[in-house]
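Note sheet for the following structure.
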Number of protein chains: 2
Amino acid sequence: MTPQAHRTGNAPPTGRRRGTALEQAIFEAVVQQLEAVGYAGLTMEGVAAAAHTGKAALYRRWPGKAELVVDTLDRLLPSPEDLPDRGNVRDELIELLRQKAAVLNSRVGRAVQSLLAETERDLPFVRLVQERVFEPRLNVFRVILERGGRRGEIRPEPISPLVADLGPAMLVQRFLGDSSPIPDDFLVAIVDQLILPLIKR
Amino acid sequence: MTPQAHRTGNAPPTGRRRGTALEQAIFEAVVQQLEAVGYAGLTMEGVAAAAHTGKAALYRRWPGKAELVVDTLDRLLPSPEDLPDRGNVRDELIELLRQKAAVLNSRVGRAVQSLLAETERDLPFVRLVQERVFEPRLNVFRVILERGGRRGEIRPEPISPLVADLGPAMLVQRFLGDSSPIPDDFLVAIVDQLILPLIKR
DNA sequence: CAGATAAGATACGGTTGCGTTCACAAGTGG
DNA sequence: CCACTTGTGAACGCAACCGTATCTTATCTG
């Protein structure tokens with residue numbers, strides 16, 4: 001049933017790695033295994049083999065696979081960044097979607113696709129993945145709208161909260177339907193053809 | 001590793017089922033197993049146990065799990081329906097999104113969430129799930145726009161193709177982020193607050 | 001009723017992964 | 001140098017599942 005564990009393709013290390021160096025190799029192996037066999041197919045043995053280490057080194061640090069994956073994701077997923085004021089709403093929205101697309105386009109982003117399947121299983125990484133990868137950043141969107149309002153760029157009337165969901169929803173759907181990276185002009189088109197017409201003065 | 005196979009909760013059948021009756025029970029068991037343990041966790045033994053039958057009955061019909069799942073999905077996922085002319089664009093768009101939400105809200109729809117993890121694995125059900133469950137129905141959207149154009153309801157200038165993706169993208173994101181059923185007023189809001197402002201005269 | 005078919009139950013040999021344990025030894029710091 | 005920590009490789013008993021095979025027998029049809 002379980003496919004053969006995939007090797008990283010890297011040669012085994014010369015000499016022993018200790019502490020954080022070993023942990024980095026393990027995290028890298030987790031990502032590689034998530035990509036190759038998904039969360040369900042990921043095994044401690046497979047991660048250990050891909051990291052060229054022993055299971056005991058894994059179990060010394062993590063009680064099981066879910067905790068290992070949580071720690072890996074927490075370490076490797078980018079934290080949300082503040083968005084600099086770029087002087088106009090369009091550029092800020094494009095930047096916001098670029099940040100999201102960059103996460104989705106990353107190896108880690110692609111690796112977490114398999115975690116979508118686990119959403120109902122009360123595993124500790126579910127919330128983390130939703131927040132860091134898939135959910136819209138409503139607070140940043142709100143800041144962009146406030147700045148745009150101050151600059152007189154957007155309509156004075158209230159804007160539907162659904163507009164904040166729109167861009168990320170389109171990116172996620174693209175992500176799920178097509179495994180090639182999300183092109184930049186796609187997200188620019190989302191801003192220009194969908195979001196701006198809904199909010200611009 | 002693999003969790004214990006879950007029973008359907010139904011009592012074993014009285015007497016033997018043959019032919020299509022047995023197949024129905026097997027399909028039902030597949031859905032139940034997809035919900036309970038996902039695609040990766042689904043086993044022929046688990047399905048056989050949940051359907052109160054023997055593995056040999058499964059292997060007599062299907063060479064393996066992927067074929068079994070394809071057949072189940074093909075049988076249980078609703079085929080696309082034509083959309084009747086409801087006299088105005090708004091009602092037609094709402095109906096279109098209602099059909100999609102109905103699929104996503106169904107047990108089968110929820111059961112296929114685990115298949116999202118498999119999208120990169122060239123399994124035969126991938127296309128089927130994308131088309132039947134997740135993808136926008138562009139041809140129907142186009143028909144709605146044409147009718148609306150004829151009625152003078154929508155703008156004469158070309159409408160961005162991204163607008164067709166918008167509704168389904170919002171539904172899918174809702175589906176992924178929240179396991180409760182998609183409420184009807186959510187999809188009505190998508191039409192009223194996002195799609196119509198983008199297309200209406 | 002007899003015959004044919006296929007369902008249900010079980011067994012089998014093989015594979016894989018779990019979590020634990022152990023022996024040896026590389027690496028580090030005093 | 002020595003003591004300690006931790007990494008490496010391998011072994012272990014167990015559980016689960018695969019795909020196949022076999023036997024019994026329920027069900028259906030003519």
Side-chain angles (χ1 to χ4, degrees), chain A residues 1-8 10-30 32-34 36-69 71 114 118 121 123, chain B residues 1-8 10-30 32-34 36-69 71 114 123:
Chain A
M1 174 183 118
T2 308
Q4 187 77 8
H6 294 247
R7 298 280 170 155
T8 60
N10 294 335
T14 56
R16 287 181 178 189
R17 299 143 307 173
R18 289 172 77 90
T20 58
L22 180 61
E23 279 160 28
Q24 277 307 309
I26 291 168
F27 294 144
E28 180 57 36
V30 168
Q32 189 272 332
Q33 287 291 291
L34 282 173
V37 297
Y39 177 75
L42 182 139
T43 63
M44 299 300 267
E45 286 198 6
V47 170
H52 301 290
T53 190
K55 283 198 284 184
L58 267 53
Y59 282 108
R60 200 176 287 124
R61 291 166 169 77
W62 297 284
K65 143 178 162 172
E67 294 85 357
L68 171 59
V69 169
D71 218 10
S114 65
E118 313 296 338
R121 291 182 175 78
L123 296 171
Chain B
M1 174 181 123
T2 306
Q4 186 77 3
H6 293 247
R7 298 280 170 154
T8 59
N10 294 334
T14 55
R16 289 181 178 187
R17 301 143 304 176
R18 290 174 80 91
T20 57
L22 179 61
E23 278 160 29
Q24 276 306 308
I26 291 167
F27 293 145
E28 180 58 36
V30 169
Q32 189 270 335
Q33 287 292 290
L34 281 174
V37 299
Y39 177 74
L42 181 138
T43 62
M44 299 300 264
E45 285 198 5
V47 170
H52 302 289
T53 189
K55 281 198 283 185
L58 266 53
Y59 282 108
R60 203 175 286 126
R61 291 165 169 77
W62 299 283
K65 135 177 168 176
E67 293 87 356
L68 171 60
V69 168
D71 218 11
S114 68
L123 295 169

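Quick caveat: nothing in here was measured; it's all calculated off a predicted structure.
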Practice item. Starting from C1' on dC17(D), measure out to CG on L68(B) and report it in whole angstrom. Key: 15 Å
Check your understanding: Under 4.0 angstrom, heavy atoms only, what part of the nucleic acid is G19(A) near: base, sugar-phosphate, or nothing?
Key -> sugar-phosphate
Check your understanding: If you round to the nearest 0.5 Å, how far is CD1 of I26(A) from CD of Q33(A)?
Key -> 12.5 Å
Point to revise | Distance test, side-chain N/O of T53(A) to OP1/OP2 of dG7(D), below 4.0 Å | key: no
Revision key, fill the gap. On a heavy-atom basis, the closest approach of A57(B) and T53(B) is CB-OG1, 3.7 Å
Check your understanding: Would you find a donor on one side and an acceptor on the other, under 3.5 Å apart, between the side chain of E67(B) and the backbone of G64(B)?
Key -> yes
Revision key, fill the gap. Here the distance between atom C1' of dA16(D) and atom CE of M44(B), to the nearest Å, is 16 Å
Point to revise | With E23(A), the salt bridge (Lys or Arg N to Asp or Glu O under 4.0 Å) member among R61(A), R17(A), R18(A) | key: R61(A)
Check your understanding: Toward the 5' end of DNA chain D, which comes first, K55(A) or P63(B), by nearest nucleotide?
Key -> K55(A)
Practice item. Grab the CG-P distance between L58(B) and dC18(D) for me, whole Å please. Key: 10 Å
Practice item. Give the rounded distance in Å between these two atoms: NE2 of H52(A) and P of dG9(D). Key: 10 Å
Review point. Can you check whether L42(A)'s main-chain N or O pairs, donor with acceptor, with K65(A)'s side chain at less than 3.5 Å?
Key: yes
Exercise for review: Can you tell me the distance, in whole Å, between the CH2 atom of W62(A) and the C1' atom of dT20(C)?
Suggested key: 18 Å
Practice item. Counting heavy atoms from C-beta on, name the nucleotide in dA7(C), dA9(C), dC18(C) closest to the side chain of A56(B). Key: dA9(C)
Point to revise | dA6(C) OP1/OP2 closer than 4.0 Å to side-chain N/O of R61(B) | key: no
Review point. How many Å lie between CZ on R17(A) and P on dA25(C), as a whole number?
Key: 19 Å
Study note, to complete from the structure: In whole angstroms, the gap separating P of dG19(D) from CZ of R60(B) amounts to 16 Å
Check your understanding: Below 4.0 angstrom from OP1 or OP2 of dT5(D), is there any side-chain N or O of R18(A)?
Key -> no
Practice item. Examine the base of dT25(D) for any acceptor or donor lying under 3.5 Å from a partner atom in the side chain of R16(B), and report the outcome as yes or no. Key: yes
Review point. When the distance from CD of E45(B) to P of dT10(C) is rounded to whole Å, what number comes out?
Key: 13 Å
